[in-house]
Amino acid sequence: MTDENTMTDESPGYLSRKVVVSSDNGLHARPAGRLAQEAQTFDSEISLVVDDQTVDAKSILDILTLAAGPGNMVELRAKGADAKAALDRLEALFLNKFEGA
Amino acid sequence: MADSTLTGIPVATGIAIGKAFFVNRNHMANLPRQIVAAEDMPAEIERLRAAFKSVETELAAIREQVPEELKSHGSLIDTHLMMLKDPKLAGASEKYIETLGLNAAWALEKAVSDQEATFEAIKDQYIRERMQDVRVVAEKVQTKLMGVKTDLSSISGRAIIMAHDLTPADTVELQVDKIMAFATVRGGKTSHTGIMARSLGIPALVGVGRLEEVHDGDLVIIDGLTGKIVINPTESELAEYNERAALFEDYTRKIRRHCHLPAETFDGSRVMVQANIELVEEVTAVLDNGGEGVGLYRTEYAYLNRTTLPTEEELAEKYIDLAAIMSPRKVVFRTLDLGSDKFIASYGELNETNPAMGLRAIRFCLKNPQLFKTQLRAILRASAYGNVSLMFPMISGVKEVRQAKAWLAQAKAELRREGVDYDPDMPIGTMIELPAAVMIAEFLAHEVDFFSIGTNDLIQYSIGVDRTNRHVSYLYQPLHPATLRAIKLVVDAAHQAGIEVSLCGEVASDPFCVPILLGMGIDSISMTPQAIPGIKRIIRQTNMHDCRLLLKDVLECRTVSRINNLVMDNIFKHFPEEVTFFSSLLENDELPS
């Protein structure tokens with residue numbers, strides 16, 4: 001989960017980073033809510049990709065429909081002025097298992 | 001005739017007559033569906049946004065008031081708040097207004113059904129069920145749009161609260177001083193609604209079928225004595241119930257006046273009358289009703305509705321409070337009595353097909369010694385502050401008791417090393433609720449300081465009947481010859497070994513059954529605090545000699561109906577007043593389903 005996965009402007013127009021779901025229950029209501037809440041603070045368009053499913057990171061309902069369980073790989077994609085900051089923030093959330101700030 | 005009469009399970013006694021007020025009623029049946037003209041669309045979108053905003057403000061305000069102990073419900077409100085902000089609801093609804101010209105409530109309904117379609121396909125059951133939260137949130141907004149007031153502050157005067165279910169989260173929103181009674185569709189004897197009602201001293205019914213027949217503003221009678229709801233009663237029914245309510249009030253006042261006197265029969269036999277509680281807050285009810293101690297403190301509440309286990313500190317703080325307030329009266333702590341069917345999320349892997357016979361109570365604790373020891377240490381710490389006893393539930397054999405005692409000894413040793421105070425002589429008991437424990441009562445009596453017979457489970461396990469199963473609930477007979485013999489055997493074994501025996505369970509608060517229990521020689525009985533005054537009154541007006549004679553006759557009967565007839569004749573003869581106000585387990589040849 002370092003910058004080696006971060007795409008640059010030559011790639012498809014968005015930044016990307018891969019994270020693993022490590023919270024015990026997967027992306028259930030509380031983590032999904034927390035994730036959407038954080039995503040909404042950024043202007044960038046942010047999406048989550050699991051397998052071939054792409055959803056809006058600002059929507060708790062979308063995140064829930066991923067039904068991502070512990071150990072699932074999730075790709076974070078962000079497009080916009082604060083894309084890098086958004087990815088940093090969301091990645092940190094995954095790493096902290098959605099606990100704390 | 002009244003419009004209709006419904007039945008439910010009474011969980012708090014009393015009679016209330018008042019206007020019905022439905023909380024969380026599904027108003028969606030009359031959802032308006034109109035097409036909005038193009039020029040009115042911006043206004044309609046504004047209306048939608050305002051409704052979302054106003055629900056958000058309300059929820060945020062409730063979120064602030066959630067007390068510490070209901071924190072898990074706080075996180076539920078957080079989820080609802082996030083759903084309110086979700087573009088898939090608000091944004092999608094706006095699109096439906098703009099593109100299809102739907103009115104706001106209809107547009108939101110369409111956005112919700114889109115989500116429903118998506119969620120239905122999800123395999124994860126937990127996530128699929130979150131759709132209910134989406135529904136709850138959307139309905140709040142739709143209700144706002146339709147101008148229907150659900151806000152309790154909108155009722156003038158007091159009301160009888162009706163709901164499909166009342167969760168702790170709902171009750172945070174209720175203004176208790178406006179509530180005369182509760183009636184809910186869901187819930188059982190130990191549900192939150194019952195606890196809440198009993199602490200407010202108002203009648204409540206749960207498990208009411210066809211409750212939706214009641215409309216807001218209907219005049220209803222809630223009879224928390226027999227479990228009836230009369231909708232729009234006639235003049236004569238009203239008069240009848242008003243009189244009944246007045247009589248009940250008189251009776252309650254009369255028995256309450258004497259409830260602090262000891263429970264002693266005419267011929268001088270003394271029985272302890274104690275209370276079953278699960279919240280420290282219920283202590284007031286115990287003392288007000290003349291409870292001589294807490295015969296059963298159910299410790300499960302602190303473990304429910306949360307995702308993390310309570311810490312020793314958290315438990316000790318509550319336990320110490322309870323022991324200190326009740327001191328010098330006794331408090332009997334029952335160690336964690338949970339089955340996998342009702343345990344917290346962390347133990348979700350325990351999905352059992354037959355939880356009543358599975359990994360529950362003492363079995364669960366012995367499998368999770370860390371959790372068990374945390375609780376034992378907390379109870380030991382409380383023993384330094386009052387008259388504390390401890391008992392183990394679901395004991396099936398001697399070895400189990402010894403294992404549990406070994407963990408207790410270890411907890412004691414740790415505390416001693418750490419220099420923490422506890423009562424080294426704290427009495428230890430076992431619950432007798434399995435037929436196996438009955439049969440070996442003689443052996444178990446040498447391992448412990450007291451017995452406590454848990455009749456609710458003992459009856460179910462002895463007769464092999466799940467009392468919540470309506471096909472067989474008629475078999476649930478407290479005075480079945482088998483259970484009577486079982487109780488007698490346990491009492492005799494205890495007294496033979498020189499230890500005390502108490503009994504907790506609904507039988508203890510059933511006025512019809514009490515004389516039989518007295519005849520057995522039970523040392524103490526434990527019941528819901530509210531039942532204490534009535535039971536004490538019966539004890540104070542009876543002779544032990546008569547109870548023994550009755551028991552002798554009863555033990556010779558071969559059928560339940562013969563026993564029940566004998567017992568009822570006795571009560572009708574001696575306590576006609578009690579019969580007027582209390583329903584008995586003996587009359588329940590069919591429990592409400």
Side-chain angles (χ1 to χ4, degrees), chain A residues 20-74 77-80 86 89-90 93-94 96-101, chain B residues 56 59-60 63 71-95 108 111-138 169 305-309 344-349:
Chain A
V20 172
V21 180
S22 53
S23 48
D24 296 340
N25 291 319
L27 289 183
H28 272 192
R30 205 188 54 83
R34 193 90 171 77
L35 194 58
Q37 193 181 5
E38 290 293 338
Q40 284 175 8
T41 63
F42 295 95
D43 293 327
S44 295
E45 276 176 37
I46 313 169
S47 44
L48 304 180
V49 187
V50 172
D51 300 329
D52 53 355
Q53 202 183 348
T54 306
V55 302
D56 181 356
K58 295 180 184 180
S59 159
I60 179 177
L61 294 173
D62 259 18
I63 301 172
L64 283 173
T65 59
L66 284 175
N72 272 31
M73 174 79 78
V74 178
R77 288 179 185 171
K79 190 167 89 181
R89 185 80 198 103
L90 299 191
L93 269 185
F94 273 91
N96 298 337
K97 300 186 182 185
F98 305 94
E99 300 292 338
Chain B
E56 190 185 325
L59 278 186
R63 177 80 186 81
K71 251 198 176 152
S72 51
H73 299 289
S75 90
L76 177 71
I77 298 177
D78 283 338
T79 303
H80 288 181
L81 278 167
M82 282 315 295
M83 287 177 173
L84 274 173
K85 291 185 195 160
D86 199 307
K88 285 279 155 23
L89 284 189
S93 313
E94 287 182 24
K95 278 232 170 59
L108 175 55
V112 172
S113 14
D114 291 348
Q115 287 303 312
E116 250 160 5
T118 316
F119 271 72
E120 260 167 35
I122 297 173
K123 280 201 205 74
D124 184 324
Q125 191 198 346
Y126 168 85
I127 290 181
R128 213 169 48 234
E129 284 172 358
R130 296 286 68 72
M131 197 55 220
Q132 291 162 5
D133 293 316
V134 179
R135 265 277 157 224
V136 168
V137 170
N305 293 325
R306 54 188 292 162
T307 49
T308 55
L309 289 170
I344 48 177
S346 344
Y347 291 86
E349 74 270 15

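Computed from a predicted model, the values in this text were never measured in an experiment. Here is the naming used below: chain letters follow the sequence lines, and residue numbers restart at 1 for every chain.
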_Quick check on the structure: residues of residues 51-65 of chain A within a heavy-atom distance below 4.5 Å of chain B, by number._
A/D56, A/K58, A/S59, A/I60, A/L61, A/D62, A/L64, A/T65
*More than 12 foreign heavy atoms under 6.0 Å from CD of A/Q40: is that the case here?*
yes
_Atom group of B/K85 that falls short of 4.5 Å from chain A, counting heavy atoms_ = both
*Applying side chain to side chain donor-acceptor pair (under 3.5 Å), name anything that partners B/E56, two or more places apart in sequence or on another chain.*
none
*asked:* Is A/L66 close to chain B through its backbone or its side chain, or both, or neither, when contacts mean heavy atoms under 4.5 Å?
replied: neither
*Please report the shortest heavy-atom distance between A/A67 and B/I127, naming the atom on each side.*
CA-CD1, 3.5 Å
*Sequence neighbours left out, what pairs pass ring pair (Phe, Tyr, Trp, His ring centres under 6.0 Å) with at least one residue falling in residues 27-71 of chain A?*
A/H28-B/Y126
*Can you sort out the partners of B/F119 under ring-ring contact (aromatic ring centres under 6.0 Å, His included), two or more places apart, ordered by chain and number?*
none
